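Working notes, structure below.
Atom set for the values below is all heavy atoms of this structure, side chains included, hydrogens, waters and symmetry mates excluded. Keep in mind that this is a model prediction, so the values were computed, not measured. So that the names make sense, note that chain A is the first sequence line, chain B the second, and so on, each numbered from 1.
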Amino acid sequence: MGKTVDKYIPSNIESKWQKKWRDEKIYQPDLDKAKKPFYNLMMFPYPSAEGMHVGNMYAFTGSDIYGRYQRMKGNDVFEPIGLDGFGIHSENYAIKVGRHPKEQAKISQENFYRQLHAIGNAFDWTRTVETYDPNYYKWTQWIFVQLFKAGLAYRKKAPVNFCPSCKTVLADEQVIEARLPSPAGEATGGQGKCERCGSIVEKKELEQWFFRITKYAEKLLENLEKIDWSEKVKIAQKNWIGKSEGAEIEFRIDNSEFKIKVFTTRPDTIFGATYVVLAPDHPIVEKITTREQKELVEKYIKKTRKLSNLNKIREEREKTGVFTGSYCINPVNKEKIPVWIADYVEMGYGTGAIMAVPAHDERDFEFAKKFGLPIKQVISPKRTCVIVHGCPSNKENLIDLSPKNPTGHWIQWARRGLEKIGYKVYIPLMPIPWEPDYETWKKEFEKILVNEESVLIGHSCGCSFLVRWLGESKKKVKKLILVAPAKIAKENASEAIKKLYDFEINQEIKKNISEVVIFISDNEEERIKKSAEMFRESLGASLIELTGKGHFTYDDMGTDEFPELLNIVISLEEVYIGEGKIINSGELDGLKVPSEMDKVLKWIEKKGIGKRQTQFHLRDWLVSRQRYWGAPIPIIYCDKCGVQPVSEKDLPVLLPDVKDWKPKGTGKSPLATVESFVNTSCPKCNGKAVRETDVCDTFLDSAWYFFRYTSTEFNDKAFDSERVKKWLPVDMYIGGAEHAVLHLLYSRFMTMVLKDLGFIQFDEPYKKFRAHGLIIAEGKKMSKSKGNVINPDDYVKKYGADTLRMYLMFMGPFADGGDFRDAAIEGIYRFLTRVWQLIQSTDDKDSTREEKKILNKTIKEVTKDIESLNYNTAIARLMELLNFISRENSASLETKENLLLLLSPFAPHIAEELWGRIGQKFSVHRQSWPSFDEKYLHEEEVTIVVQVNGKFRDSIKIQSSESKAQNHIEEIARKSGKVLKYLEGKETKQLIYIEGKIINFVTN
RNA sequence: GCCCAGGUGGCGAAAUUGGUAGACGCGAUAGGUUUAGGACCUAUUGUCCAUAAGGACUUGGGAGUUCGAGUCUCCCCUUGGGCACCA
């Protein structure tokens, strides 16, 4: 050894190879002839003018590694790149720097592409796509026209989210932090903030274009089952689509022919509907409001409208509403129930009307409580109640729960009463002879499931147990009831009893219990009264003294009134939303819900009261923007012919170059002032007509770009169907989870539409999608406003792209992201420098068996790790292999070659350079991915861990051929001095042997 | 409030899916090399006890299952992220 080599200087090799790769077209598959097409796509970036940040680079690198790996596996990998530079982000930036968006786009494009070149990705640079290029947006407009013709694009006046700062309408998805409480807030229509600029969004009524994505709600949901996507993104989409199943039920207005349809997911609670609520803007409100209530109702409607424009975020969601004066008839029990209006019901969801079941819905409950409306319980809850009795006066009677025993008597009564109202009652039995032993009691008691819905009843000494336990365990329970709590004066008590009461009442338990009630009768003995008083004071409990009745003395617990008292205290003072049995509901009584909901629905349909109904949270996609920097919506309005799409031969509708392009804030696009743009002729009658002046949402641009990549040279079609057939759906799509419901849902929708219109044969755009993690800087999200955006340029300059790529990937699992810190990057640089040195300076020798083993193991592990996107551990394996070479100070040529092949997806430049230097032909990136041979992975010697009682005591080495010989291994293990020590004088009760792994002596 | 993902050394993180916890890297300490610093090389590095051999403890907390738990079960705490008056 000892060959001297030149220093590793990344800048000397990186741009050199980047140029060579381009010249040799090694990353340009022949899209028509490729035999094994593999479409490796990453979400295309919005090119901020500041340029790429390490977060972008993280995503690109992770995707690139996967693509490079697939290429080496023999696939024709297509890895395109482009820019999503149309739209509000880009325009806002242009406003900020005071430059025309078109001009700014040019600058951003140049800068972004320069950076993208520098990171060494295997992009096909001949097929770039920019959304603001007329050759691209021509086809965005063409898609709009197709949707229009198919009836999937429509116009309607709608209250929309309007951002006063961006001066445009936003889709629901682009409004964030909606409905958060604010300290000074007042109720509003539920405003949030603009996704882009953070301004508070207003509601405005405007004519808007929508895409009928709701038509595909069911399919968008259903298909999630069949695609291989990150689970969290699937869940996010599922939640966003928000399917809920229930019933639509019709309520007749009393003394009138009007009917109100309500949607409910809880048809099982219909007997508990005690009033009906309409959204304030429900069209029927006007018709059913009585003369007496008219003024109030109108005032309320006005107020809610005004509030929606007040840009204030509601505070405590205090319920408001007014009575309309009308009643309707509950169809199941013919009860006359009032009709109210309230802004907690929204016109936009369901039918804009609800049946209110205050006993089983929190919002209805709140409302009912505020306005004194009746609450009727129809679901009996599944709750637990634990009765802990006290010490008996006579030990023998303790577990005698028959009514003969006074204690037994009241317990039986309480149980019966509680079970009647739906409680599952537990009565833990104490051991006999009874000892006030808290620890034993606790062990028994904790076997019972106690949760927030539980009611605990303590009697006498049982009270002390419970209070002490609640203090210790910090459990939350619904209610604590203490019956005649006893506190025995410590000085007179036996040791055991003293111990029982030796605890402090923990103040925290007050927080954990909704209510504490203490029962005591006035003729209880002083001692008990005093202790009741003590518990009351410490727990803030209400004390119910049963004056004059005398039922609750120790000797006479068993009266009929007692369980009824419990009933009063336990029932009906809170909402219950959980599962249970239907009660008070006539024919429905006894059904279990939700498990027997189907029977309820059948019954409702049979009775003709209502029908099954499914609702989705998903709303139609609002696509118009009152802005300049976007694709003009290709629609023409003609007085004679109405709304007409621009004919396809006239596309694109070019975005005119105008000086006055800044948003107006009038609800109209800047294009509206450009007469030469607005005035046109009707495509149908050729008469005078005007153009639509709004532009398309930028999410439309990005909803189909992956089709265009395959067909950039075609100017007569959006995409070539043969190409698309060959390359799509995308094999691997990598992107940020922040687009979980925006871009990903829209592009799925667009694909479904294109399929239904006959342009393509598949309905899902991305076979496999993986979300990468977020890169943060110094523990915070990177953002321009925080000034902590990290630009990769500096790092590329200092360490080279290879080092930065690997550092980013080494931080942690690709799906997790990480915190970017300067310090650790040195480690990777050191690694690559060592690769540079060792590959060149070490002598070539034949592989030893050990070397073959570690090499094959490395190949196996790195392959597995890349496939699961665990790049961090793949890199660790490469380091281990290098450490081996370093230790041995030699390596076979085979090992060196394979190391470079394994390294090449991660650090493409250095791998290419060294590949040449060890005498191989260009290019390392055209080689096949190495395979491993199982025979080298097999160990000759295995280490058996010797445990005594599950604890590691020694390890022994044996030939792997002997690993089946348990007796032999036991013999060796027993001889080990370390093990002997632990086995001495002890009997081996059990011996566990796991072949080739572990031998465990279990002694007593 | 609901849903999702996390919580392992000083730090980023591994762990064959129930079998020696802490691979790999950063940082730190000591030594070598160097005029010096840097770079590089070698060794050590979870915590505690012990002069040592050695021992005990340890994966947010608590209980449980098991010969054996970071991994499985239950409860709790906590940090991110998403959704939210959705009927």
Side-chain angles (χ1 to χ4, degrees), chain A residues 176-180 187 190 192 231-236 238-240 242-244 246 262-266 277 279 314 317 319 342-346 348-357 361-364 366-367 443 446-447 449-451 473-476 615-618 737-738 740-741 773-774 776 779 781 807 810-813 815-821 823-828 830-831 833-834 837 861 864 870 872-880 882-883 886 943-955 978 981 989-992 994 997-1003:
Chain A
I176 55 168
E177 293 175 34
R179 296 155 184 137
L180 277 182
E231 208 50 41
K232 59 195 268 196
V233 171
K234 283 200 200 179
I235 290 164
K238 205 173 156 185
N239 290 344
W240 189 262
K243 182 177 179 173
S244 50
V262 305
F263 173 71
T264 177
T265 54
R266 294 296 304 272
V277 188
R314 61 181 51 196
R317 296 176 181 177
K319 293 276 180 296
D343 66 355
Y344 82 93
V345 175
E346 287 169 13
Y349 186 78
T351 58
I354 61 154
M355 62 175 209
V357 185
D361 181 285
E362 246 171 299
R363 295 152 301 173
D364 297 342
E366 230 179 277
F367 193 82
K443 222 173 168 181
E446 281 183 341
K447 286 181 186 163
L449 181 77
V450 172
N451 61 26
S473 70
K474 303 200 168 60
K475 274 269 191 187
K476 282 195 173 123
Q615 281 291 335
F616 292 93
H617 173 213
L618 185 72
E738 69 272 17
V741 291
L774 201 68
I776 54 174
K781 216 168 166 171
Y807 167 62
F810 191 56
M811 284 193 306
D816 290 2
D819 197 350
F820 191 93
R821 279 177 200 174
I825 198 166
E826 297 280 352
I828 294 287
R830 225 170 302 186
F831 167 71
T833 307
R834 294 208 311 142
Q837 286 288 328
E861 297 288 321
K864 199 188 80 203
N870 289 118
N872 55 331
T873 47
I875 293 169
R877 299 289 164 238
L878 294 175
M879 287 171 167
E880 277 173 328
L882 187 73
N883 288 346
S886 168
T943 306
I944 307 275
V945 169
V946 186
Q947 295 183 334
V948 178
N949 291 328
K951 290 211 171 184
F952 171 79
R953 292 304 171 195
D954 199 4
S955 64
K978 293 177 193 167
K981 207 167 89 186
K989 275 181 76 184
Q990 200 185 345
L991 186 70
I992 285 143
I994 310 290
K997 276 186 182 164
I998 205 159
I999 183 159
N1000 186 10
F1001 295 90
V1002 185
T1003 67

> Given side chains that start at C-beta, do those of A:Ile998 and A:Gln947 come closer than 4.5 Å, heavy atoms only?
Replying inline: yes
> What is the base-pairing partner of B:A84, counting Watson-Crick and G-U wobble geometry with both distances under 3.5 Å?
Replying inline: none
> With a 4.5 Å heavy-atom cut-off, do A:Phe263 and A:Ile354 have their side chains touching?
Replying inline: no
> A:Asn870 has an atom CG; how far is it from atom P of B:A15, in whole Å?
Replying inline: 7 Å
> Does the side chain of A:Asn870 reach to within under 4.5 Å of the side chain of A:Glu861, using non-hydrogen atoms?
Replying inline: no
> Given B:A56, B:A87, B:C3, which nucleotide is nearest the side-chain atoms of A:Asn239?
Replying inline: B:C3
> If you check every side-chain atom of A:Gln947, which of B:U20, B:C24, B:G12 has the closest atom?
Replying inline: B:U20
> Taking the same atom, C1', in B:U58 and in B:U34, what whole-Å distance lies between them?
Replying inline: 42 Å
>> Under 3.5 Å for both donor-acceptor distances, Watson-Crick or wobble: does B:A5 have a partner, and if so which one?
In response: B:U79
> How is A:Glu880 classified with respect to the nucleic acid when contacts are heavy atoms under 4.0 Å: base, sugar-phosphate, or nothing?
Replying inline: sugar-phosphate
> Got A:Val1002 and A:Asn949 here, is their nearest side-chain heavy-atom distance under 4.5 Å?
Replying inline: yes
> With respect to the phosphate group of B:G27, does any side-chain polar atom (N or O) of A:Arg830 fall under 4.0 Å of OP1 or OP2?
Replying inline: yes
> Can you check whether A:Met811 reaches A:Asp819 side chain to side chain, under 4.5 Å on heavy atoms?
Replying inline: no
> Nearest to the side chain of A:Asn883 - B:C24, B:G12, B:C4?
Replying inline: B:C24
>> Looking at B:G22, which nucleotide sits across from it as a Watson-Crick or G-U wobble partner, both distances under 3.5 angstrom, or is there none?
In response: none
> Syn or anti: how is B:G38 classified when any glycosidic angle within 90° of 0 counts as syn?
Replying inline: anti
> When only distance counts, do a donor and an acceptor, one from the side chain of A:Glu738 and one from the base of B:G81, lie under 3.5 Å apart?
Replying inline: no
> If we call it a pair only when both distances are under 3.5 Å in a Watson-Crick or G-U wobble match, what pairs with B:U71?
Replying inline: none
>> What is the distance, to the nearest angstrom, from the NZ atom on A:Lys319 to the P atom on B:A87?
In response: 14 Å
> When rounded to the nearest Å, what value does the distance between C1' atoms of B:U66 and B:A14 take?
Replying inline: 25 Å
> Roughly, in whole Å, what's the span from CG in A:Asp819 to P in B:U79?
Replying inline: 18 Å
> In whole angstrom, what separates A:Leu618's CG from B:A84's P?
Replying inline: 12 Å
> Across all strands shown, which nucleotide pairs with B:U59 by Watson-Crick or G-U wobble geometry, both distances under 3.5 Å?
Replying inline: none
> So which nucleotide from B:A56, B:C4, B:G12 ends up closest to the side chain of A:Phe810?
Replying inline: B:G12
>> Both conditions, 6.0 Å and 45 degrees, for the charged tip of A:Lys319 above the ring of A:Phe367: are they met here?
In response: no
> A:Arg953 side chain: which of B:A56, B:A14, B:C41 is closest?
Replying inline: B:A56
>> Distance check, P atoms only: B:U59 and B:U47, in whole angstrom units.
In response: 15 Å
>> Distance check, C1' atoms only: B:C57 and B:G9, in whole angstrom units.
In response: 14 Å
>> Let's test this: given Watson-Crick or G-U wobble pairing with both distances under 3.5 Å, identify the partner of B:A50.
In response: none
>> Nearest to the side chain of A:Met879, heavy atoms from C-beta on, is which of B:A23, B:G25, B:G19?
In response: B:G25
> How long is the line joining NZ of A:Lys989 and P of B:C67, in whole Å?
Replying inline: 10 Å
> If the P atom of B:G7 is compared with that of B:U16, how far apart are they to the nearest Å?
Replying inline: 14 Å
> Under 3.5 Å, side chain of A:Asp364 to main-chain N/O of A:Val357, donor-acceptor pair present?
Replying inline: yes
>> When you measure from the side-chain N and O atoms of A:Asn872 to the phosphate of B:A23, is any distance below 4.0 Å, counting only OP1 and OP2?
In response: no
>> Students often get this wrong, so: under 4.0 angstrom with heavy atoms, is A:Val357 touching a base, only sugar-phosphate, or nothing?
In response: nothing
> Starting at the 5' end of RNA chain B, which residue's closest nucleotide do you reach first, A:Val945 or A:Arg266?
Replying inline: A:Val945
>> Strictly by Watson-Crick or wobble contacts shorter than 3.5 Å, is anything paired with B:A43, and which nucleotide is it?
In response: B:U29
>> For B:A14, give the paired nucleotide (Watson-Crick: N1-N3 plus N6-O4 or O6-N4; G-U: N1-O2 and O6-N3; both under 3.5 Å), or none.
In response: none
>> Output the rounded distance in Å from NZ (A:Lys243) to P (B:C83).
In response: 22 Å
> Relative to each other, are the rings of A:His617 and A:Trp240 parallel, tilted or perpendicular (30° and 60° limits)?
Replying inline: tilted
> Nearest nucleotide by nearest heavy atom, which residue falls closer to the 5' end of RNA chain B, A:Ile828 or A:Phe616?
Replying inline: A:Ile828
>> Of the options B:G25, B:A87, B:U20, whose atoms approach the side-chain atoms of A:Glu346 most closely?
In response: B:A87
> What distance, rounded to whole Å, do you find between the two C1' atoms, one in B:C74 and one in B:C67?
Replying inline: 23 Å
>> At 4.0 Å (heavy atoms only), tell me whether A:Ile998 reaches a base, stays on the sugar-phosphate, or touches nothing.
In response: base
> Hey, is NZ on A:Lys232 packed in by over 12 heavy atoms from elsewhere, all under 6.0 Å?
Replying inline: no
> What is the distance from CG of A:Leu774 to C1' of B:G81, rounded to the nearest Å?
Replying inline: 10 Å
>> Can you tell me whether the base of B:U71 sits syn or anti, using the 90° cut around 0 to define syn?
In response: anti
> Taking the same atom, P, in B:G25 and in B:G46, what whole-Å distance lies between them?
Replying inline: 15 Å
> B:C11 and B:G27: how far apart are their P atoms, nearest whole angstrom?
Replying inline: 15 Å
>> Does A:Thr943 reach a base, just sugar-phosphate, or nothing at all? Heavy atoms under 4.0 Å.
In response: base
> B:A14 P sits how many Å from A:Glu861 CD, rounded?
Replying inline: 14 Å
> If only side-chain N and O atoms of A:Ser244 are considered, is one of them under 4.0 Å from the OP1 or OP2 phosphate oxygen of B:A87?
Replying inline: yes
